[in-house]
There are 2 protein chains.
Amino acid sequence: MTLLKIGELAKRSGCSVQTIRYYEREGLLSSPARSDGNFRLYDHQAEERLIFIKRCRSLELSLPEVRHLLTLSQAPGSTCGEVNEMVDQHIQQVEERIRELQSLHRQLHDLRNNCSENRIVEDCGIIRSLVQQKGSK
Amino acid sequence: MTLLKIGELAKRSGCSVQTIRYYEREGLLSSPARSDGNFRLYDHQAEERLIFIKRCRSLELSLPEVRHLLTLSQAPGSTCGEVNEMVDQHIQQVEERIRELQSLHRQLHDLRNNCSENRIVEDCGIIRSLVQQKGSK
DNA sequence: CTTACACTCTATAGTAACTATAGAGTCAAG
DNA sequence: CTTGACTCTATAGTTACTATAGAGTGTAAG
């Protein structure tokens, strides 16, 4: 039942002090108790909530999504269809971004093949490719 | 040798009017000539330069990188080793991000498998997994 | 001539999720 | 009573734009 000051919570959670205060401002963490000297004092529940947020963020869920999950997880009796939906949607976004980056990777590889040696820039195939319109030879 | 107003250049290049003005402020495009009524007037060279920038951005090079490439491509006699290096480095960053996202994808998939049906949130395996510390069962 | 409209101009604020700083206060140890 | 480590609030900066307000320009129709 010991209460933590923000620096201790930061160390335990792996979030920075500023980030914790930021989450409070954004309504992801509720305002904690304060000491006589106006320092924030966090209980175990707050620590768990912060770690929940941290896990969500490590999965790259957005803060609005995290906020939504926090709300859902505390609405007694609500069903978890929405939770599933959010995760599914997020998976799709990740898949799409992977495809984008793979296409980008191919393009960069092709570009790189245009110039293998150290030439003067006027002859550099990379610069040339970037200058030319896509369709041109 | 016709000069283009910013709206026409925007259409031709696929950039928005605001983006073109933004590139000017950031020093990627030089200040163009102005009409009597103070409208920007762009020549063919400016159009080519903008398209160069557009291509670089479609490869997700950062604006500082693009600026650097523009400088290099116009320094007469400089060699293109730096160009190659930049592209190689960018390729590595893309590869790293792909690996990150693939790991993320696996984690999200695992998470999703924790809850397949419509349960009440208290029993939802997804929420449970997010609440629990990584190591715990 | 004037009025409508489509365009342009500058300057400013907003986006996401933080990070960094300034300037002031708190608290325990020496 | 001073030093040092911590905390507080408020504010500005990051990236690459996008959006808006309020004013001016240019042309065509009535």
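Note that the structure is a prediction, hence the values are computed from the model and not measured. Throughout, a chain's letter reflects where its sequence line sits, starting with A, and its residues are numbered from 1.
The distance from atom OH of B:Tyr22 to atom P of D:dA19 is 15 Å, rounded to the nearest whole Å. Rounded to an integer number of Å, the gap from B:Asn38 CG to D:dG22 P is 21 Å. When the C1' atom of D:dA10 is taken as reference, atom CD of A:Glu24 falls 14 Å away, rounded to whole Å. One can place CG of B:Leu9 at 15 Å from C1' of C:dC7, the figure rounded to the nearest angstrom. B:Lys54 places its NZ atom 15 Å from the P atom of D:dA16, with the value rounded to the nearest Å. Distance CD1 (B:Ile20) to P (D:dA16): 17 Å, rounded to an integer number of Å. Rounded to an integer number of Å, the gap from A:Phe39 CZ to C:dA28 C1' is 11 Å. Between B:Leu41 atom CG and D:dT25 atom P there is a gap of 15 Å when expressed in whole angstrom units.
Taking side-chain N and O atoms only, B:Thr19 has a distance below 4.0 Å to OP1 or OP2 of D:dT18. Dashed line: the shortest gap from a side-chain N or O of B:Arg25 to OP1 or OP2 of C:dT12 is not under 4.0 Å. Under 4.0 angstrom from either OP1 or OP2 of C:dT10 there lies at least one side-chain N or O belonging to B:Arg34. When the side-chain nitrogen and oxygen atoms of B:Tyr23 are compared with OP1 and OP2 of D:dA16, none of them lie within a distance under 4.0 Å. At the phosphate of D:dT9, neither OP1 nor OP2 sits under 4.0 Å from any side-chain N or O atom of A:Arg21. The side chain of B:Ser16 contributes an N or O atom lying less than 4.0 Å from OP1 or OP2 of D:dT18.
When distances are taken from the side chain of B:Gln18 to each of C:dC27, C:dA17, D:dA19, the shortest belongs to D:dA19. In the set C:dT8, D:dT7, D:dA16, C:dT8 carries the atom at the smallest distance from any side-chain atom of B:Ile6.
For the side-chain contact (heavy atoms from CB on, under 4.5 Å) with A:Leu28, the lone residue among A:Ile20, A:Leu70, A:Leu50 that qualifies is A:Leu70. Checking each of B:Glu95, B:Glu100, B:Gln102 against B:Ile98 for a side-chain contact (heavy atoms from CB on, under 4.5 Å) leaves exactly one that passes, namely B:Gln102.
The pair A:Arg97-B:Glu60 meets the salt-bridge criterion, with a side-chain N (NZ, NE, NH1 or NH2) lying under 4.0 Å from an Asp/Glu carboxylate O.
Comparing B:Asp36 and B:Leu63, the nucleotide of DNA chain D nearest to each residue sits closer to the 5' end for B:Leu63. Along DNA chain C, the nucleotide nearest B:Gly7 and the nucleotide nearest A:Ser35 are compared for position; the residue whose nucleotide lies closer to the 5' end is B:Gly7.
Within 4.0 Å of B:Arg40, counting heavy atoms only, lie sugar-phosphate atoms of the nucleic acid but no base atom. Among the protein residues, A:Arg57 comes within range of the sugar-phosphate backbone only, with heavy atoms under 4.0 Å from sugar or phosphate atoms but none that close to a base.
For the pair B:Arg57 (side chain) and B:Leu61 (backbone), a donor-acceptor distance under 3.5 Å is present. Between the side chain of B:Thr71 and the backbone N or O of B:Arg67, at least one donor-acceptor pair lies under 3.5 Å.
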